[in-house]
Structures are given as structure tokens and as C-alpha cells.
Student: 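Okay, here's the structure, questions in a sec.
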Amino acid sequence: MKRIYLDHAATTPVDPEVVKAMLPYFTEYYGNASSLHSFGTEAYRSMEDSRQKVADIIKASKEEIIFTSSGTESDNLAIKGVVAKKRKEIENTKGPHIITSKIEHPAVLDTCKYLEKQGFVVHYLSVDKYGIVDIDELREKISKSTFLVSIMHANNEIGTIEPIEEIGKITRSKNIVLHVDAVQTFGKIPIDANELNIDLLSISGHKIYGPKGVGALYIRRGTQLEPIIHGGGHEKGLRSSTENIPGIVGLGKAAELASKRMEADIKYLTMLRDHLIKYVLNNIEESYLNGHPTQRLPNNANFRFNGIEGESLILNLDENGIAASTGSACSSKKLEPSHVLMAIGLNEVEAHGSLRITLGRENTEDEIEYVEKGLVETVKKLRSMSPIWKKSLELDKWRTQMEERGHEH
Ligand code: PLP
């Protein structure tokens, strides 16, 4: 059976060109980038070449990029690193010390919750029904003790792109450090870190057809932070540990390809996405789009279908070779509704009826047409077995009858 992968926000296949670029660094150029001999300098040079490629995409300079093991580590280093630096300054102040949003990735949210346990005050901004953060609330909540604002560039579940430019103007004018989790946007949509007034920006390799287990953090020149991993002093002392050269070379190559293909990818993916959205909303009754209608990632479509559960939809689609995802995260054994979908105002049942489709450059128009038909069939099948759906139909019928009676009187 043909399989169709539609979960690119979770991870992407590694581009064959990236694999090709990485392979010699396992067996041929395996030196330690800190060594002084030629094996070491080879590794060092390729690492610096990658650093330049990563910097180029966000119009930063090479000196402002450090390599990490993941987007999660970059988020942790950005937030905990700034907090550690400011600890003394803000002791005994009331806060909020950090302002973030309710819809951040757990790499940011759980880091903030951890810091709350350490005594820091964190404010979680609300979002509107599309998932856009409340800028007025941000302005209101900033206090003299606020030193960090952390807002994601685009949401990984619903694809909404946040108004970072506006946020950057506010944080710059108040002299507050701005961290942006750009794991879902780096290499996918244009970013100018300087123009957007971003001080720290998190990047991950495996979302852009690069390898897993490698990431990067942009640190604007002059931004002060403490390391969270201590050791041999690699990466300007901010991230000790022998550098993962094959991974770094892979990230550099993936960044280079992303930059070359960005314009074409945006155009192609937007075309596929909009076709899918239009088809689903026109052909499946009581289906809705989660997230912003236009201010969204080119590859993200997140739907809500009344009367069915996202999990059973995923499993049924998987039986037909279609790999998608729910909007909700499974926390160990308990199935929790997604914090993102709850924050945009859905109730638990609605949040459980959501489906995330994230497209990639290898998806074809034929695949999307197959998926559209598959979705119509699967939703129909699941609704025919759904007591919730039957109840809602009965309720609708009853409502119409009552309305008709109302008109008669
Ligand atoms: N931030 C966002 C917005 C993400 O989507 C992800 C991955 O799902 C991460 C952070 C974590 O990145 P990584 O898997 O590289 O740790």
C-alpha cells in the first residue's frame, strides 16, 4: 500500500542531498573540531561553513549562531540562560519577570513552569480565536521587573503566525529580551532577526529536512546569557560538548537548500494547502478550520470535525496509508485535550475532534486529492458510528422543528 506522509510539523524526511553531505563526516572527516591537527581543522571548517549558512537565512552574522542538540535545548538555553544572568537583578521584585503565551510548545511552557517553581513570576498571554497573542495584554503586563518575553513565531499545531514585528517593537522600546521559538518557521518563511528585533531565536534541524538531534540558537550580539551545560567551553562557553559535526553539516546543508527553495516551496505548499482546506470545508458538513485563515504556515491545515474523535480519525486514515496527526498531545496514559485548542476557545469535545495535516515538498497534487476523498469517506464512516454525531443531528432536527413551530404561531 502506498503511504502518504502528512506530518511534517512533527518531523521531515532527511533530504538525500543532506544525507550525502553528512556521510563523509562519519568515516572520512571524523576529527574533533577542537583538535589542532588537520583532522580537527577539517571538522572545524565545515562547522563554520554550516554556521554561516544558518546565519544567512535569518540575516544574522555567523558569530551570532551557536549549535545545540535540538529546538528543545535551544528554548531551554535561551530562557534559563537569560534568567540565570538576571537572577541577581530581579531578586525581590514582584514580576511578571517573564511573559510568554498560552500556546507555546512544551519546550517553552514547561521551562517556564519549572522557573515558576524556582520563584520567578511568569505571565501567560491569552490568544484570540485564531491563536494570535493579545498584544494589548502584553503591553499591560510588562512591568519594571519584566526581563524576558518568549513568543513563538508560528504555532506547531494550528499554524498561526504571530505578530513578531509588533512584539519586537514593544520589547525593544522597553529594553526587554525577546526570545522567539522559530522551530516551525526557520527555513520555511522569511525571517530577518535584526529587523524583527529578535534577541534569541530557536532553530531545529529535523523540521527542515535535516537530521534529528541538532539545533541552533541565534544570540544577538550583546545579549547576555549563562550556559546551562558546563564543560569544555565549546560554542563560546555557552554549550560545552564535542560538536556533532555530521549533524551540524546536515543542518547547514538543510538550511542552504531551504533558502534556495523557500520561494517555490511557499508557493507550492500554499497551493496544496488551500486546495485541501477548500475541499474539506465544502465537502464535509460541520467541518471547521482551526487557526488563522490567512496568517498561517504555508504547509499547515488543522480541521475540526463535529461528532468524531481525532484519534479514531488518525487510526482510520493510517489504515488507508495516510499519516496525519491530532491537534492534541497524548500525555502518558491520559488523553489530554490540546492546550492550544483549549486556548483558542474550543471545548474538550471539540479539541478532541481535531486533525492536523502538515504538508511537505515531496507531497504531490495526486496525493492531496486522494487524501481529500479519503477524509470525506472516513469522516462519514466514523460519524455513522458516532453517538455524539447522532445526538447532534437529533438536536438540529429538534431545533428546526421548534423554529418552524415558532413561525407558525
Ligand atoms: N518548538 C516548536 C514550536 C516545535 O514544534 C518543536 C518540535 O516539535 C520544538 C520546539 C522542539 O524541537 P526539537 O524536536 O528539535 O527538540
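Remember, it's a predicted structure, so these values are computed and weren't measured experimentally. Remember, it's 1-based here, ligands and their atoms both numbered in the order they're listed.
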Student: Has E263 got more than 12 heavy atoms of other residues, nucleotides or ligands less than 6.0 Å from its CD?
Tutor: no

Student: Tell me whether the rings of H37 and F39 are parallel (<30°), tilted (30 to 60°) or perpendicular (>60°).
Tutor: perpendicular

Student: Could you go through ligand 1 and list every pair where one of its N or O atoms sits under 3.5 Å from a protein N or O, giving the atom names and the distance to one decimal?
Tutor:
| residue | atom | partner | partner atom | Å |
| --- | --- | --- | --- | --- |
| ligand 1 | 1 (N) | D181 | OD1 | 3.3 |
| ligand 1 | 1 (N) | D181 | OD2 | 2.6 |
| ligand 1 | 5 (O) | Q184 | NE2 | 2.8 |
| ligand 1 | 8 (O) | H105 | NE2 | 3.4 |
| ligand 1 | 8 (O) | K207 | NZ | 2.6 |
| ligand 1 | 14 (O) | H206 | NE2 | 2.8 |
| ligand 1 | 15 (O) | G71 | N | 2.8 |
| ligand 1 | 15 (O) | S204 | OG | 2.7 |
| ligand 1 | 15 (O) | H206 | NE2 | 3.4 |
| ligand 1 | 16 (O) | T72 | N | 3.0 |
| ligand 1 | 16 (O) | T72 | OG1 | 2.6 |

Student: Under 6.0 Å from the ring centre and within 45 degrees of the ring axis: does the NZ or CZ of R361 meet both conditions for the six-membered ring of Y209?
Tutor: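 Flagged: R361 positioned over aromatic ring of Y209.
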
Student: Within the side chain of E73, is there an N or O that forms a donor-acceptor pair under 3.5 Å with the backbone of S70?
Tutor: no

Student: Indicate the ring-plane relationship of F120 and F147, choosing parallel, tilted or perpendicular according to the 30° and 60° boundaries.
Tutor: perpendicular

Student: Looking at R51 and E235, does any basic side-chain N land under 4.0 Å from a carboxylate oxygen?
Tutor: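 Here R51 pairs with E235 in a salt bridge, since their nearest N and O are under 4.0 Å apart.
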
